[in-house]
Peer 1: 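My questions all concern the structure below.
First listed ligand is number 1; within each ligand, the first listed atom is number 1. Throughout, numbering of the chain's residues begins at 1 and tracks the sequence.
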Amino acid sequence: HFVYLKNKTGGYLFIIDLGQPLAPQGPFDVIVHKLSDVIVESEHDQQSKHLLANFQSYVLAHPGTVLLDPLPAMTRLLDRFTSYQIMSKLHKSLRGVPTSRYCFSVRLPFNITNYNTFVFPPVCKTRVAHGSLSHEMCLIFSAGGLPDVRPPCVLQSFVSHGAVLHKVFVVGDRHFCVERPSLKNFPSGPCDRKTIFFNSHEVSKPESSSHLTALDEQTPSLPPPSSEAMAALVQELRVQLGMALFGVDVIIDIRTHTLTAIDINIFPGYEGVPQFFPSLLDHIKKVLDQRAIGIACVWQNSLVLLLSVWGAHWCGLTWHQLELINNLD
Ligand SMILES: Nc1ncnc2c1ncn2[C@@H]1O[C@H](COP(=O)(O)OP(=O)(O)OP(=O)(O)O)[C@@H](O)[C@H]1O
Ligand SMILES: O=P(O)(O)O[C@H]1[C@H](OP(=O)(O)O)[C@@H](OP(=O)(O)O)[C@@H](O)[C@@H](O)[C@@H]1OP(=O)(O)O
Ligand SMILES: [Mg+2]
């Protein structure tokens, strides 16, 4: 399939056929993509490996093409272990913002004696953060539930948060917050409850309705997170990730009222954000304007260098003398 559209701002939009050489389909100013499937599958599938290599070689050969978002930045988020490390660094750098209690995660298989270093019940998630299997999770309530855990996975401390998830959707320098249903509160500490298996889409999609998200009526509701705290969180994340199109899932601890980021999503669905497309177009425009300024600066610097070399030659100066003059400020 090949779509050829002219948008309102006069730019052309194409759907790129990854199976074909990219150069004849270009040139492209900006490529917007979600190659998560291809990246994950390229680990074991030759065709995906080939598609990815084809794409990467185009990107390498065309450094002027802006990629939304860069592949290395995205790839880090496909591994929950790496993505939780990013979240914990963010915690350290967010001074003064009421954000704390970041998630603790461990690699499995781990020394079984280590289990008493985490608080029950942890949420167990697949290490790979993309694909239908990645949404299958479980809550384990005691060491007796550990055999239910299927490595490779990460264990994240469960934070009781009043069954409200705050999804933050980022598009460049803008972000949008929407509320979603979420897991209900569970008491902290081991108990003899059976492992609860769940699919994240059954509990935290807008239409989700599950017994796992139903709070009892006396539970007081929490105030929403402050817009300053959310803006600071997004700002820190943008710097840490080097990405423009991502989502972060935030919950509020019912006891301490502090924010906890539990998940970072690559190019999420932006459901409930009607401003998504205009914001994306604005962001693309900004990126292209910055690129044009960058190109103009390179031209200007090259011109200055050329003129000084030519002037030096004309005055009979050596390269070393020219360097000395340039360093006089
Ligand atoms: N640490 C935690 N503490 C409390 N609840 C959690 C925690 N981690 C996950 N949950 C619950 O599980 C749900 C799914 O978690 P998570 O966002 O990691 O799943 P996902 O499959 O990566 O979701 P997405 O659709 O955003 O990719 C959350 O919306 C929340 O209800
Ligand atoms: O399909 P949807 O539009 O709901 O998008 C979800 C998408 O699910 P998919 O697996 O069906 O593509 C997920 O992709 P992977 O984690 O598997 O990459 C993830 O990005 C979620 O963050 C998105 O949900 P949201 O964050 O917007 O709730
Ligand atoms: Mg996710």
Side-chain angles (χ1 to χ4, degrees), residues 34 36-37 40 74 76-84 86-88 90-91 99-106 118-141 149-150 153-170 176-189 195-215 219 222 225 237 243 245-273:
K34 183 165 179 176
S36 315
D37 273 335
V40 169
M74 275 183 53
R76 289 194 301 163
L77 295 184
L78 291 172
D79 179 348
R80 289 197 210 265
F81 200 78
T82 326
S83 111
Y84 296 164
I86 295 171
M87 288 192 249
S88 52
L90 177 83
H91 168 43
T99 308
S100 69
R101 182 84 190 275
Y102 269 78
C103 307
F104 163 75
S105 54
V106 290
F118 57 76
V119 178
F120 283 100
V123 190
C124 176
K125 308 183 186 182
T126 56
R127 183 161 180 188
V128 175
H130 171 78
S132 52
L133 277 182
S134 75
H135 305 299
E136 299 294 340
M137 315 191 159
C138 67
L139 271 172
I140 48 176
F141 293 90
V149 161
R150 277 171 235 114
C153 62
V154 293
L155 301 183
Q156 199 179 56
S157 339
F158 177 84
V159 177
S160 282
H161 55 279
V164 179
L165 176 70
H166 301 272
K167 267 200 174 275
V168 188
F169 293 117
V170 180
F176 307 90
C177 303
V178 301
E179 281 188 16
R180 294 265 181 99
S182 193
L183 284 183
K184 65 182 179 183
N185 303 333
F186 287 95
S188 181
T195 300
I196 297 178
F197 294 91
F198 66 99
N199 182 303
S200 64
H201 287 188
E202 285 163 14
V203 295
S204 286
K205 284 292 173 192
E207 64 286 355
S208 299
S209 153
S210 157
H211 66 283
L212 291 174
T213 62
L215 282 181
T219 314
L222 289 167
L237 262 179
M243 289 171 62
L245 303 174
F246 65 90
V248 53
D249 296 345
V250 175
I251 55 179
I252 304 177
D253 190 319
I254 49 162
R255 282 169 304 143
T256 59
H257 289 201
T258 51
L259 305 187
T260 301
I262 53 164
D263 184 31
I264 308 175
N265 294 305
I266 299 162
F267 202 164
Y270 294 90
E271 201 171 344
V273 183

Peer 1: Show which atoms of ligand 1 fall inside a sub-4.0 Å distance from at least one heavy-atom site of S200.
Peer 2: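 Selected atoms, number and element: 14 (C), 19 (O), 20 (P), 21 (O), 23 (O).
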Peer 1: Could you list the atoms of ligand 1 found under 4.0 angstrom from a heavy atom of D249?
Peer 2: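 Every atom of ligand 1 under 4.0 Å from some heavy atom of D249: 17 (O), 26 (O).
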Peer 1: Quick check on contacts: which atoms of ligand 1 are under 4.0 angstrom from a heavy atom of K125?
Peer 2: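 Per the distance check, 8 (N), 9 (C), 15 (O), 16 (P), 18 (O).
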Peer 1: Hey, what do you get for NE2 (H166) to OG1 (T260), rounding to the nearest 0.5 Å?
Peer 2: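 Those atoms lie 11.0 Å apart.
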Peer 1: Using a heavy-atom cut-off of under 4.0 Å, does the side chain or the backbone of R80 touch ligand 1, or both, or neither?
Peer 2: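 The answer is the side chain of R80.
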Peer 1: Using a 4.0 Å heavy-atom cut-off, say whether S157 meets ligand 1 through its side chain, its backbone, both or neither.
Peer 2: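 The answer is the backbone of S157.
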Peer 1: Can you tell me how far the CG atom of L139 sits from the CG atom of L183, to the nearest 0.5 Å?
Peer 2: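 With rounding to 0.5 Å, CG (L139) is 6.0 Å from CG (L183).
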Peer 1: I'd like to check which ligand 1 atoms, numbered from 1 as shown, lie under 4.0 Å from a non-hydrogen atom of S182.
Peer 2: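 Close to S182: 29 (O), 30 (C), 31 (O).
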Peer 1: Between L212, V248, D263, which one has a non-hydrogen atom sitting closest to atom 22 (O) of ligand 1?
Peer 2: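 Checking each option, the heavy atom nearest atom 22 (O) of ligand 1 is found in D263.
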Peer 1: Less than 6.0 Å separating the ring centroids of F120 and F158?
Peer 2: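 Centroid distance F120-F158: not below 6.0 Å, so no.
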Peer 1: Could you tell me the separation between the CZ atom of F246 and the CD1 atom of I266, rounded to the nearest 0.5 Å?
Peer 2: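 Here the rounded value is 11.5 Å.
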Peer 1: Once you round to the nearest 0.5 Å, how far does CZ of F176 lie from NZ of K167?
Peer 2: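 It comes to 15.5 Å.
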Peer 1: Keeping N199 on the side-chain end and E136 on the backbone end, is there a donor-acceptor pair under 3.5 Å?
Peer 2: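 Looks like no, no N/O pair under 3.5 Å.
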Peer 1: Please give me the minimum heavy-atom distance between P181 and S208, naming the atom from each residue.
Peer 2: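 Looking at all heavy atoms of both residues, the closest pair is CG-O, 3.8 Å.
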Peer 1: Return a yes/no value for L165: is any of its N or O atoms, backbone included, closer than 3.5 angstrom to an N or O of ligand 1?
Peer 2: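 L165 vs ligand 1: no N/O contact under 3.5 Å.
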Peer 1: Rounded to the nearest 0.5 Å, what's the gap from NE2 on H161 to CD1 on I254? Could you check?
Peer 2: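 With rounding to 0.5 Å, NE2 (H161) is 9.5 Å from CD1 (I254).
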Peer 1: Would you mind running through ligand 1 and noting each atom that sits below 4.0 Å from a heavy atom of F158?
Peer 2: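 Checking each atom against F158, I get 3 (N), 4 (C), 5 (N).
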Peer 1: Assess K167 for proximity to ligand 1: is some non-hydrogen atom of it under 4.0 Å away?
Peer 2: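 For ligand 1, residue contact (heavy atoms, under 4.0 Å) with K167 is present.
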Peer 1: Can an N or O of V159 be found at a distance shorter than 3.5 Å from an N or O of ligand 1?
Peer 2: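 N/O-N/O distance under 3.5 Å: yes.
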Peer 1: Test of understanding: given a 4.0 Å heavy-atom threshold, classify the contact between S204 and ligand 1 as side chain, backbone, both, or neither.
Peer 2: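 The answer is the side chain of S204.
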Peer 1: For the residue pair L165 and D249, what are the closest heavy atoms and their distance?
Peer 2: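 L165 and D249 have their closest heavy atoms at CD1-CB, 3.8 Å.
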Peer 1: Between I140 and P122, is any pair of side-chain heavy atoms under 4.5 Å apart?
Peer 2: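 Yes, at least one pair of side-chain atoms sits under 4.5 Å.
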Peer 1: So which bit of I251 gets within less than 4.0 Å of ligand 1, heavy atoms only: side chain, backbone, both or neither?
Peer 2: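 It is the side chain that gets close, since no backbone atom is under 4.0 Å.
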Peer 1: Counting heavy atoms only, name the option from Q156, H161, H201 that's nearest to atom 7 (C) of ligand 1.
Peer 2: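 The option holding the nearest heavy atom is Q156.
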Peer 1: What are the atoms of ligand 1, with element, lying closer than 4.0 Å to any heavy atom of H135?
Peer 2: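 So the atoms of ligand 1 that pass are 20 (P), 21 (O), 27 (O).
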